[in-house]
Amino acid sequence: MQNKKDKWSLIIFVACMVGSVIFLISTSQPDDFSKSFKGETIGLVTRIENCNRSKCLRYYFYIEDKRILSGMRIGNYQENPDDLVNKFFKVKYNLNKPEENEIFFREELESDYLMIVKSGFTKTKYYEYDDKSTKYLEKLKWK
């Protein structure tokens, strides 16, 4: 009888050890995943959307003249998330798969014109009608 009890306790012990190892591997994977991002560029936040009780940030960046659209859940961001729209932030991405990326939206980049242009963005003119002056006003935006 004692031998059977030892076998079950050994099986339970091994099962707990395997479960804890699997848990540790699954929780540490996102950190290792984002650390593997070697590419770095600048991204422009375009909008904030509602995503299942939290907010999602939509942004894009350029790699070799190719525009990559992406998004990131920002959860319950303490500040006003709309203040992030039309601002530039650092983006790290996987060199082999740029679709795998991460934006650092808590660190706004200074508007260094040359750095932004080197990252692939261009400034374009557009016109907006003003009801008060009944004229079209010329404006600029990054694309």
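Side chains of Lys135 and Asp130 form no contact here, defined as non-hydrogen atoms less than 4.5 Å apart. Val45 places a side-chain heavy atom less than 4.5 Å from the side chain of Ile103. When side chains are defined from C-beta on, Glu100 counts as touching Lys97, because their heavy atoms get closer than 4.5 Å.
Following chains of ILVMFWY side-chain contacts shorter than 4.5 Å, one can reach Tyr62 starting from Leu69, so the two form part of one hydrophobic cluster. Hydrophobic cluster membership is shared by Leu57 and Phe89, with clusters built from Ile, Leu, Val, Met, Phe, Trp and Tyr side chains linked at under 4.5 angstrom. Under the 4.5 Å side-chain heavy-atom criterion for ILVMFWY residues, a single connected hydrophobic cluster contains both Trp142 and Ile42. Both Tyr113 and Leu109 sit in one connected hydrophobic cluster of ILVMFWY residues. Membership requires side-chain heavy atoms under 4.5 Å apart, directly or through other members. Neither Ile48 nor Phe88 shares a network with the other; the hydrophobic side chains, linked directly or stepwise wherever heavy atoms of I, L, V, M, F, W or Y lie under 4.5 Å apart, form separate groups for each.
When all heavy atoms of Ile63 and Pro98 are compared, the closest pair comes out as CD1-CB, 3.4 Å.
For Phe13, the CZ atom sits in a loose shell: 12 or fewer heavy atoms of surrounding residues, nucleotides or ligands are nearer than 6.0 Å.
Residue Phe121 is tested with Phe61, Tyr60, Tyr59 for a ring-ring contact (aromatic ring centres under 6.0 Å, His included); the sole match is Tyr60.
Partners of Leu140 under the side chain to side chain contact (heavy atoms under 4.5 Å, CB included) rule, at least two apart in sequence or in another chain, are Lys123, Lys125. Under the side chain to side chain donor-acceptor pair (under 3.5 Å) criterion, Glu49 pairs with Arg47, Arg58, sequence neighbours left out.
If you take OH on Tyr93 and CD on Glu40, they are separated by 9.0 Å, rounding to the nearest 0.5 Å. Separating the CG atom in Leu44 from the CG atom in Leu84 is a distance of 11.5 Å, to the nearest 0.5 Å. Between Asn50 atom CG and Lys55 atom NZ the span is 4.0 Å, to the nearest 0.5 Å. Note: Lys143 NZ to Thr124 OG1 = 5.0 Å, rounded to the nearest 0.5 Å. We find the CG-CD distance between Leu137 and Glu128 to be 7.5 Å, quoted to the nearest 0.5 Å. Taken from CD1 in Ile116 to OG1 in Thr41, the straight-line distance is 10.5 Å, to the nearest 0.5 Å.
Aromatic pair Tyr129/Tyr136: ring centres closer than 6.0 Å.
Applying the disulfide bond (SG atoms under 2.5 Å apart) test to pairs two or more places apart or on separate chains, those with a residue in residues 38-71 are Cys51-Cys56.
Under a 4.0 Å N-O distance rule, the pair Lys92/Glu102 does not qualify as a salt bridge.
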